[in-house]
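This report refers to the structure that appears directly beneath it.
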Amino acid sequence: FFTPQEKLTNDMLTKGVDATIAKWYQYYDMKNQIYKIPIIVNSDDYQEWQLPILWSSLLWTRRQYQLYTNIKIIFIDPTQAEKTFKQGYINLFNRGNCWSYVGNLYPQYDMKSQEMDVGWCYRYRGSILHETLHALGFVHEHMRYDRDKYINVGSSDSANCAAFREGSLDVSGTAYDLDSILHYPVGTGCKISLKNPEKYPGKKIGQRERLSKLDIKEINTIYPKELL
């Protein structure tokens, strides 16, 4: 994922919620007790044969939020963006990669069109769900300040792999979650390994199949039914 400071200086950026960034509270619907998250999908960025796969992934992602959270993804067109969602929206396009900014950038950076690249991952619905969670403000689970009790991280990639300091993440009182959809798998980018693999026989981390129970708890803590 990307942090705004690094991305805005044209450098690469990269669970718990980053406590320093804004949430998507501006479109909270008090009557229905939901948080509307507007997304423009730039369909012209995709080949015609890719579109049914992309939309299947997007609709599945929207459904997960509807089933388990107070988040409602709304797919909008440019006219709606201009007239109805003037305080920011997610601009989903295909530049061949797979990333999102973290959090809502409009309040701090006046970034009305907030970019999200759904390139190679258009066919992987769990990866799209993962990226939308970044847009909601959630960082990678393996970047929690308490991660060293559970995993080893061999990469020096600060954007996607470095641990946050204690106090800079709101983890909603949850324990470290190896089942999180925001956790990277063993090996790969962050060179992750389990600290005590004998405690977790057959354990697979880095799943992209569903929101974990703790993912759901954290989302609903940060985006509660009643926004006070």
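Computed from a predicted model, the values in this text were never measured in an experiment.
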### Query
Would you say the side-chain atoms of Asn104 and Gln26 include a donor-acceptor pair closer than 3.5 Å?
yes
### Task
Measure the shortest side-chain to side-chain distance between Leu133 and Ile219 over non-hydrogen atoms and say whether it is less than 4.5 angstrom.
yes
### Task
For the pair Phe93 and Trp99, name the ring-plane relationship: parallel under 30°, tilted 30 to 60°, perpendicular over 60°.
perpendicular
#### Entry: Ion pair check, Lys31 and Asp29, cut-off under 4.0 Å
no
### Task
Using a 4.5 Å cut-off on heavy atoms from C-beta on, say whether the side chain of Tyr65 contacts that of Asn70.
no
### Query
Is there side-chain contact between Ile71 and Trp24, with at least one heavy-atom pair below 4.5 Å?
no
### Task
Measure up the Tyr184 and His140 rings against each other and bin them: parallel (under 30°), tilted (30 to 60°), perpendicular (over 60°).
tilted
### Query
Is there a donor-acceptor contact under 3.5 Å linking the side chains of Asn220 and Thr69?
no
### Task
Would you name the heavy atoms of Gly88 and Pro38 that are closest together and state the gap between them?
O-CG, 3.6 Å
### Query
Less than 4.5 Å apart, any side-chain heavy atom of Ile205 and any of Tyr150?
no
### Query
Looking just at side-chain N and O atoms, do Asn94 and Asn42 make a donor-acceptor pair shorter than 3.5 Å?
no
### Transitive ILVMFWY side-chain link Leu182 to Tyr223, under 4.5 Å
yes
### Query
Taking NZ, NE, NH1 and NH2 as the nitrogens, is one of them in Glu82 or Lys112 under 4.0 Å from a carboxylate oxygen of the other?
yes
### Task
Answer yes or no: is there a side-chain heavy-atom contact under 4.5 Å between Ile74 and Ile39?
no
### Least distance between heavy atoms, Met116 atom then Ser100 atom
CE-OG, 3.6 Å
### Query
Where do Leu67 and Arg63 land on the side-chain contact (heavy atoms from CB on, under 4.5 Å) test, with the steps shown first?
CA-CA 6 Å; Leu67 285 173; Arg63 181 64 174 158; 3.5 Å; yes
### Query
Given side chains that start at C-beta, do those of Leu92 and Leu58 come closer than 4.5 Å, heavy atoms only?
yes
### Query
Parallel under 30°, tilted from 30 to 60°, perpendicular over 60°: which one fits the rings of Trp49 and Tyr122?
perpendicular
### Query
Aromatic rings Tyr176 and His183: how do their planes relate, parallel, tilted or perpendicular, breaks at 30° and 60°?
perpendicular
### Task
Provide the closest heavy-atom pair for Ile192 versus Val153 in the form atom of the first, atom of the second, distance.
CG1-CG2, 4.2 Å
### Task
For the residue pair Tyr46 and Val118, establish whether any side-chain heavy-atom pair is separated by less than 4.5 Å.
yes
### Message
Can you confirm whether Tyr101 sits close enough to His134 that some side-chain heavy atom of one is under 4.5 Å from a side-chain heavy atom of the other?
### Response
no
### Query
Are Ser155 and Asp157 linked by a side-chain donor-acceptor pair shorter than 3.5 Å?
no
### Salt bridge flag under 4.0 Å for residues Arg95 and Glu115
yes
### Lys/Arg-Asp/Glu bridge criterion (N-O < 4.0 Å) met for Lys204, Asp179
no
